[in-house]
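Owing to the predicted nature of the structure, the values given are computational and were not obtained by experimental measurement. Heavy atoms only: backbone and side chains are in, while hydrogens, waters and symmetry mates are out. Protein chains get the first letters and strands the later ones, always in sequence-line order, with residue 1 at the start of each.
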Amino acid sequence: MRLAKSLVPTLREDPADAEALSHKLMLRAGLIRQLAAGIYVYLPIGHRVHEKVSNIIREEMNAIGGQEITMPVLQPAELWQKSGRWDGIPEMFKLQDRYGRDMVLGMTHEEVIAWIASREIRSYRDLPQIWYQVQTKERDEARPRSGVLRTREFVMKDSYTLDPDVAALDRSYAAHESAYRKIFERCGLHFHVVESDTGMMGGLGAHEFQAPCAAGEDEIALCAGCGYAANVEIARGVPAAPVFPPGGREEVATPNVKTIAEVSAFLKIDPRLTIKSLLYVGKRTGPVLVLLRGDHVLHERKLARALGGDEVRPAHAEEVRQHLGAPAGSVGPLGARGPILADEALRDGDYVVGANREGYHVRGVSPGRDFEARFVDLHTVAAGEACPQCGKPLAVERVIEVGNIFKLGTKYSEALGALYLDESGKEQPIVMGSYGIGPARIAAAAIEQNADADGIVWPASIAPFHVHIVVVSLRDAGQVAAAEEIYTACRAAGLDAVLDNRDERPGVKFKDADLLGVPVRVTVGNALAKEGVVEIKERRAPRAEHRVPKAQVVTTIQSLEVLRGVR
RNA sequence: CGGGGUGUAGCGCAGCCCGGUAGCGCACCUGCUUUGGGAGCAGGGGGCCGCCGGUUCAAAUCCGGCCACCCCGACCA
């Protein structure tokens, strides 16, 4: 590619609308432009990167026997009505055709897969199968954000496995896990494989591939000791217990003291010696009193799971007063009506709790002894808590989900009649798995993880080009000719090259080269006439430089460690 | 969906309080000079001031409504 006539609109300044590093850099380097909230145009450079990532994914999917197909984005509502997902998914784009028939824009493709399977798979001899596509997904996200990290329209590689039984599913799942590891390694990402919530889909198991980065939306708990790794949605941590002071149960006046911080300050005690009482309302299960240690934070997903997948919300102020007879700052478990859920951390010890009487708390209250409660894991893991497996301290990292693998089971095959005959001639539902990867998130995560003050620093495998050739002066015919020669030679050698032949000052070209982040830069400038050499410089620190005659450019580049493994 | 913020030239912003000619930097066009880390000088083009309505002799500016976008939270099959 020659830059002079190309659509690579770089920006000098950060766009006002961008916050996340990858978002700023993708806009500034001219990879993308935003059409609407969460909807992006991929310009030539962005498109190239996306293709490089997608092709790596394709290679690894093909390597485990995946067969690429393409399924429609536009789908009849009927399929989704059959699977039970037509209602209750606010992210689903729905529309009608001209005859008033309900349609959906696909946000995932389990239904279509099950539909194909129901028609084409008949015997255990047809199994197993791995079908995948690289296709656009449409999701009406509540809040698109961080550039390309969470969008309403995005391309996903989604694959689906069809197996005769759970043991076979386990093998397909393991094959995917190993393919995914290779994909992320080849893309140059740092990542963790973590246990994740199977969510409302109620599958048999799931893992996420999470790439650490500042703009991430998830948090994971990690144990350096034994390798335990889980999304904080499900991660369990064992907090250190406080030292409980002696003393019996007594009611104490706590005028105008409401929050945990106020209670512990007023009574001059560690917040860990208090219980935080929160009234929640489950859509089906009704009011439930939730107890946590004073310093802990409730994880609502854990609560929802403890209530059998119910939808929960904090009670309104009036509901608290009505249910417990006191305002929110003075409530507690003593004499409370209805179910009480207490975090595991509260099993032992005497705590300060709200008295259910405005302006009073009670000291020396022991869960289990002074009131009945069901103990479940409810608190959000904090860094430093002990690993549930080995006891070493856990770390908590901010991450972006770049892939997930999911054991679906037979939910969709049963709903859509995807059955096969086993060896004994008996009809069985196909056991399914589904697996997703977002190429755009991989690109953005790679930027987040590798950028420096001057711009993007691409891993060579997904860089838009391997070599960025800068002609310092277009007025020097010798430089232009040499640059063209090098450009042609690189391409002939299988190196993707971009030639900056724009009539710009050298500074502008160098700045843009840094911004674009291509791993190797070749500068054709004064040194050509003076010493007969060009400069080959790596983008990544410490920007190692080689000065060689133009005839040696290709072999020198090919010997660079940054390009190891590519071409 | 709750909270906060912003909409003025392609990009980044000022002007708005206190109503009266729409401005600055970058980018773009022309000319001259310059040419190894985002050049200098001179001249020039480009605006439904987010949209609709109201107040007023007069609205970018005041008032009302709406829309879009960003951030925090909720949600995220």
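G25(B) and G40(B) have their C1' atoms separated by 16 Å, given to the nearest Å. Comparing A9(B) with C24(B), their C1' atoms sit 12 Å apart, to the nearest whole Å. Between C63(B) and A74(B), the two P atoms lie 34 Å apart (nearest whole Å). Using P as the reference atom, C26(B) and A42(B) are 12 Å apart when rounded to the nearest Å. Taking atom P in both G36(B) and G50(B), the straight-line distance is 43 Å, to the nearest Å. Nucleotides G2(B) and A58(B) are separated by 41 Å at their C1' atoms, to the nearest Å. Of the P atoms belonging to G44(B) and G23(B), the separation is 14 Å, rounded to the nearest Å. Rounded to a whole angstrom, the distance from the P atom of C57(B) to that of C13(B) is 37 Å.
The side-chain hydrogen bond (donor to acceptor under 3.5 Å, both in side chains) pairs that include a residue from residues 24-34 of chain A are Gln34(A)-Tyr40(A), where partners are two or more places apart or lie in different chains.
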- prompt: Where along nucleotides 4-10 of chain B does protein come under 4.0 Å, by heavy atom, of base (B) or sugar-phosphate alone (S), with - for untouched nucleotides?
  reply: -------
query: What string of B, S and - do you get for nucleotides 34-42 of chain B 5' to 3' if you count protein non-hydrogen atoms under 4.0 Å?
result: BBBBBB---
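Whole-Å rounding puts the Met107(A) CE to C75(B) C1' distance at 12 Å. In this structure, Arg152(A) places its CZ atom 14 Å from C1' of C76(B), rounding to the nearest Å. Distance, Lys24(A) NZ to C11(B) P: 18 Å, rounded to whole Å. The interatomic distance linking Asp14(A) (CG) with G25(B) (P) rounds to 21 Å, in whole Å. Put simply, CD1 on Ile405(A) is 16 Å from C1' on A77(B), counting in whole angstrom units. Taking atom CG on Leu303(A) and atom P on C75(B), their separation rounds to 11 Å, with Å as the unit. Between Arg301(A) atom CZ and C76(B) atom C1' the separation is 7 Å, expressed in whole Å. Distance Asp197(A) CG to C75(B) P: 12 Å, rounded to the nearest Å.
Along RNA chain B, the nucleotide nearest to Ala36(A) and the one nearest to Pro90(A) differ in position, and the one closer to the 5' end is contacted by Ala36(A). Comparing Ala18(A) and Glu401(A), the nucleotide of RNA chain B nearest to each residue sits closer to the 5' end for Ala18(A).
Taking the ring axis of Phe154(A) as reference, the NZ or CZ atom of Lys137(A) does not stay both within 45° of it and closer than 6.0 Å to the ring centre. Both the sub-6.0 Å distance and the 45° axial angle are satisfied by Lys94(A) relative to the ring of Trp86(A).
Note on Arg313(A): nothing from the nucleic acid sits closer than 4.0 angstrom, heavy atoms only. When heavy atoms are screened at a 4.0 angstrom cut-off, Ser83(A) is found touching no nucleic acid atom at all. The residue Gly88(A) sits close to a base: some heavy atom pair falls under 4.0 Å. Contacts of Ala16(A) with the nucleic acid, taken as non-hydrogen atoms under 4.0 Å apart, involve only primed sugar atoms and P, OP1 or OP2.
The 12-atom threshold is not exceeded at CD of Glu78(A), counting heavy atoms of other residues, nucleotides or ligands nearer than 6.0 Å. With a 6.0 Å radius and a threshold of 12 heavy atoms from other residues, nucleotides or ligands, His47(A) has its NE2 atom at or below the threshold.
The ring-ring contact (aromatic ring centres under 6.0 Å, His included) search around Tyr280(A) returns none, not counting sequence neighbours. Among residues two or more places apart in sequence or in another chain, the salt bridge (charged side-chain N to carboxylate O under 4.0 Å, His left out) test is passed with Glu219(A) by Arg398(A). For Glu91(A), the salt bridge (charged side-chain N to carboxylate O under 4.0 Å, His left out) criterion is met by no residue, not counting sequence neighbours. Partners of Glu414(A) by side chain to side chain donor-acceptor pair (under 3.5 Å), not counting sequence neighbours, listed by chain and number: Thr410(A). Under the salt bridge (charged side-chain N to carboxylate O under 4.0 Å, His left out) criterion, Asp102(A) pairs with no residue, sequence neighbours left out. Contacts of Lys302(A) classified as salt bridge (charged side-chain N to carboxylate O under 4.0 Å, His left out), with partners at least two apart in sequence or in another chain: Asp377(A).
Side-chain atoms of Glu91(A) lie closest to C75(B) of the nucleotides C75(B), A77(B), G12(B). When distances run from any side-chain atom of Gln34(A) to the nucleotides G12(B), C70(B), C75(B), the shortest one goes to C70(B).
Counting atom types as modelled, Arg150(A) pairs a side-chain N or O with a base atom of C76(B) as donor and acceptor under 3.5 Å.
The side-chain heavy atoms of Arg139(A) and Glu141(A), taken from C-beta on, include a pair separated by under 4.5 Å.
Taking a 4.0 Å limit (strictly below) on heavy-atom distances, residues 213-221 of chain A does not reach RNA chain B anywhere.
Across all strands shown, U55(B) remains unpaired; no Watson-Crick or G-U wobble contact has both distances below 3.5 Å. For A39(B), the paired nucleotide is U33(B), the pair qualifying as Watson-Crick or G-U wobble because both relevant distances are below 3.5 Å. When Watson-Crick and G-U wobble pairs are counted only if both distances are under 3.5 Å, C28(B) pairs with G44(B). Pairing for U21(B) is absent, judged as Watson-Crick or G-U wobble with the two contacts each under 3.5 Å.
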Compile the donor-acceptor pairs under 3.5 Å between side chains in residues 467-478 of chain A and protein atoms, sequence neighbours left out, one pair per line.
residue: Ser473(A); atom: OG; partner: Arg475(A); partner atom: N; Å: 3.2
residue: Asp476(A); atom: OD1; partner: Gly478(A); partner atom: N; Å: 2.8
residue: Asp476(A); atom: OD1; partner: Gln479(A); partner atom: N; Å: 3.1
residue: Asp476(A); atom: OD2; partner: Gln479(A); partner atom: NE2; Å: 3.3

Check residues 5-14 of chain A and write down every donor-acceptor pair under 3.5 Å in which the side-chain atom is one partner and the other belongs to a residue at least two apart or another chain.
residue: Ser6(A); atom: OG; partner: Arg2(A); partner atom: O; Å: 2.5
residue: Thr10(A); atom: OG1; partner: Asp512(A); partner atom: OD1; Å: 3.2
residue: Thr10(A); atom: OG1; partner: Asp512(A); partner atom: OD2; Å: 3.2

